[in-house]
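Below is one structure; the comments refer to it alone.
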Amino acid sequence: MIRKTFTKLVYGLKTKLHESGKRHDVIAFDHRVDLQRGGEGAPLLYLHSLIGETRWLPFHQKLARTFDVIAPAHPGLGGTESAGIDSIEDVAFHYLDLLDALELRNVNLVGVSFGGWIAAELAVRAPERFGRLVLVDTFGLEVADAPAADVGAIRNDVRALRSRIFAEPDGPMAEIAQKALDGDFAGA
């Protein structure tokens with residue numbers, strides 16, 4: 001039941017692609033970035049979570065009613081190249097290169113979970129590039145006396161990753177997230 005509800009909420013019924021989200025390959029400085037883009041209005045850069053919602057989804061479509069939504073895949077996901085990306089700082093500069101390649105300024109910035117961490121790093125490094133900042137369930141921010149887990153280093157260690165993210169690493173939400181990471185939503 002929880003899996004089905006989560007799937008409908010995030011991915012819509014059977015995850016249909018919407019007509020306005022078009023896939024683009026952009027060269028940002030010296031690396032290829034795979035992104036979805038659609039809508040009209042002020043630019044909005046959407047940075048996804050570790051689940052990797054890199055397809056054009058129903059919530060992207062709703063945002064595209066008001067904004068020019070740019071939804072890139074993070075380095076190493078989708079078709080985005082990851083060569084030379086070794087830290088969260090590298091990821092932030094990767095996205096600043098993308099904004100340069102797209103010739104965008106005064107961008108609205110939305111980051112979810114891991115994408116929120118990246119969005120915060122971007123906003124700190126280049127506040128003049130962004131209009132509004134929305135952080136949703138952000139993790140990874142540096143807080144004195146509360147070091148963040150290096151999720152990137154444990155991404156392939158399913159057990160360690162699940163124990164860092166979920167209070168119940170074997171619970172139903174952890175199972176749903178694991179299936180999303182594995183791309184296994186068949187039968188949802």
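The first residue of the sequence shown is numbered 1, and numbering continues consecutively from there. The figures here come from the full heavy-atom set of this structure, side chains too, leaving out hydrogens, waters and symmetry mates. Fair warning: this is a prediction, and the values are worked out from it, not measured in the lab.
- Of all heavy-atom pairs between Ala120 and Leu135, the closest is N-CD2, 4.1 Å.
- Side-chain contact check for Val110 versus Leu45: every heavy-atom pair is 4.5 Å or farther apart.
- Residues that satisfy the ring-ring contact (aromatic ring centres under 6.0 Å, His included) test with His74, not counting sequence neighbours, are His48, Tyr95, Phe114.
- Side chains of Val26 and Leu35 form a contact here, defined as non-hydrogen atoms less than 4.5 Å apart.
- Using a 4.5 Å heavy-atom cutoff, the side chains of Pro72 and Leu47 are in contact.
- Asp97 meets the salt bridge (charged side-chain N to carboxylate O under 4.0 Å, His left out) test with no other residue; sequence neighbours excluded.
- Judged as a salt bridge (charged side-chain N to carboxylate O under 4.0 Å, His left out), and not counting sequence neighbours, Asp86 has no contacts.
- Without hydrogens or angle criteria, Arg32 side chain to Gly79 main chain gives a donor-acceptor distance under 3.5 Å.
- Hydrophobic cluster membership is shared by Phe67 and Val136, with clusters built from Ile, Leu, Val, Met, Phe, Trp and Tyr side chains linked at under 4.5 angstrom.
- Residue Phe93 holds its CZ atom at 11.0 Å from CD1 of Ile85, rounded to the nearest 0.5 Å.
- Every residue meeting the side-chain contact (heavy atoms from CB on, under 4.5 Å) condition with Arg132, not counting sequence neighbours, appears here in chain and number order: Asn108.
- In terms of the side-chain contact (heavy atoms from CB on, under 4.5 Å) criterion, residue partners of Ser87 (sequence neighbours excluded) are, by chain and number, Glu89, Asp90.
- The minimum heavy-atom distance linking Val91 with Pro75 is given by the pair CG1-CD, 4.3 Å.
- Residues satisfying the side-chain hydrogen bond (donor to acceptor under 3.5 Å, both in side chains) criterion with Asn106, sequence neighbours excluded, are absent altogether.
- With sequence neighbours excluded, no residue satisfies side-chain hydrogen bond (donor to acceptor under 3.5 Å, both in side chains) with Thr54.
- Side-chain atoms of Val33 and His94, non-hydrogen and from C-beta on, do get closer than 4.5 Å to each other.
- When all heavy atoms are compared, the tightest approach of Ile27 to Ala101 is O-CB, 3.4 Å.
- The side-chain heavy atoms of Asp68 and Glu40, taken from C-beta on, include no pair separated by under 4.5 Å.
- Nearest heavy-atom pair across Ala123 and Leu133 is CB-CD2, 3.8 Å.
- Under the salt bridge (charged side-chain N to carboxylate O under 4.0 Å, His left out) criterion, Arg105 pairs with no residue, sequence neighbours left out.
- The environment of Glu128 atom CD is dense: over 12 non-hydrogen atoms of other residues, nucleotides or ligands sit within 6.0 angstrom.
- The two residues Gly76 and Ser82 have their closest heavy-atom pair at N-CB, 3.5 Å.
- Contacts of Ala92 classified as side-chain contact (heavy atoms from CB on, under 4.5 Å), with partners at least two apart in sequence or in another chain: Glu121, Leu122, Arg125.
- The shortest distance between side-chain heavy atoms of Asp100 and Phe29 does not fall below 4.5 Å.
- With Glu81 contributing its side chain and His31 its backbone, the two residues share no donor-acceptor pair below 3.5 Å.
- By the side-chain hydrogen bond (donor to acceptor under 3.5 Å, both in side chains) test, Asp30 is found to be paired with no residue, residues two or more places apart in sequence or in another chain being considered.
- In this view, Leu104 and Arg37, Pro43, Ile70, Leu99, Leu102, Val107 satisfy the side-chain contact (heavy atoms from CB on, under 4.5 Å) rule, not counting sequence neighbours.
- With values rounded to the nearest 0.5 angstrom, Leu44 atom CG is found 8.0 Å from Leu109 atom CG.
- Looking at residues two or more places apart in sequence or on another chain, you find a ring-ring contact (aromatic ring centres under 6.0 Å, His included) between Tyr46 and Phe59, His60.
- Arg23 CZ to Arg55 CZ: the interatomic distance, rounded to the nearest 0.5 Å, is 9.5 Å.
- In terms of modelled atom types and a separation under 3.5 Å, the side chain of Ser49 and the main chain of Ser113 share no donor-acceptor contact.
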